[in-house]
Amino acid sequence: MKWLMKSEPDVFSIDTLKKDKTTWWEGVRNYQARNFMMNDMKVGDEVLFYHSNAEPSGIAGLARVSKAAEADKLQFDKKSEYYDEKATKEKPRWFCVQVEFVEKFPEVISLAELHKNEKLAEMMVLKKGQRLSVQPVSDKHFEVVKKMGK
DNA sequence: GCCAACGTTGGC
DNA sequence: GCCAACGTTGGC
């Protein structure tokens, strides 16, 4: 499958991923997003890297799933804002995949640009009120976005 | 900074 | 199990 993953570039941007090569997608505390990572994301799946709360917000590049889901370490870290007192090592509550850098687009494809493309009218991230930070993307939408990023 | 959308919590 | 209150996301 193909995916879109949101990150605030002030916190973690495509440039950070490029520099670090890979990252564990820690800190997701939404069950739907967790379930996608835990159940559906496979090594090799391609990912649109989305910048949220940004100037401009939009799709910044491509990544790929490099390791299947494991327990999110931050849920055990009392000093982390993502600490979860109800999680135990035996029964972790939160899982995340590892993603690797693939490509940074020459320019971020802004939300405005995406909205202009009729082929993307049904794309999840463009729907009003859609806040899910990990979401599936159809093959068709993925290819359209990839072409726009060239 | 505003606020709509929507997820989570907790009292009942 | 319902649902009001509250918190968060994220575009603008």
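A, B, ... follow the sequence lines: proteins, then strands. Residue 1 opens every chain. Not measured: the values here are computed from a predicted model.
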Grab the CD-P distance between A:E85 and B:dT8 for me, whole Å please. 17 Å

Connected via hydrophobic side-chain network under 4.5 Å: A:L114 and A:L62: yes

Does the A:Q32 side chain pair with the main chain of A:L132, one donor and one acceptor, at a distance under 3.5 Å? no

By nearest-nucleotide position on DNA chain B, the 5'-leaning member of A:Q32 and A:K86 is A:Q32

Is it the case that atom NZ in A:K18 sees more than 12 heavy atoms from other parts of the structure closer than 6.0 Å? no

Step through it carefully: locate the ring centre of A:F49, locate the ring centre of A:W25, and say whether they are under 6.0 Å apart. yes

Could you check whether atom CD of A:E107 has more than 12 heavy atoms from other residues, nucleotides or ligands sitting under 6.0 Å from it? no

To the nearest angstrom, how far is A:R34 atom CZ from B:dG7 atom C1'? 14 Å

Of the options C:dG10, B:dG7, B:dT8, whose atoms approach the side-chain atoms of A:Y31 most closely? B:dT8

State whether A:Y50 places a side-chain N or O below 4.0 Å from either non-bridging phosphate oxygen (OP1 or OP2) of C:dG11. yes

Hey, is A:E85 close enough to A:K78 for a salt bridge, meaning N to O under 4.0 Å? no

Distance check: side-chain N/O of A:S57 vs OP1/OP2 of C:dG10, anything under 4.0 Å? no

From the set C:dG10, B:dG7, C:dG11, return the single nucleotide nearest to any side-chain atom of A:K6. C:dG10

Can a donor-acceptor pair be found, under 3.5 Å and without considering hydrogens, that links the side chain of A:Q75 to the backbone of A:W94? yes

Calculate the interatomic distance between A:L4 atom CG and C:dT9 atom P; express it in whole Å. 16 Å

Are any side-chain N or O atoms of A:H141 and backbone N or O atoms of A:M124, one a donor and one an acceptor, separated by less than 3.5 Å? no

Can you tell me the distance, in whole Å, between the CG atom of A:N30 and the P atom of C:dG10? 9 Å

In whole angstroms, how far is the P atom of B:dT8 from the CH2 atom of A:W94? 7 Å

Once you round it to whole Å, what is the distance between C1' of C:dG10 and NE2 of A:H51? 15 Å

Donor-acceptor contact present, side-chain A:S7 to main-chain A:F12, <3.5 Å: yes

Roughly what angle, to 10°, lies between the helix axis at the start of the helix from B:dG1-C:dC12 to B:dC12-C:dG1 and the one at its end, five pairs per end? 10°

Within residues 111-136 of chain A, those residues having any heavy atom closer than 4.0 Å to DNA chain C are A:L111, A:R131

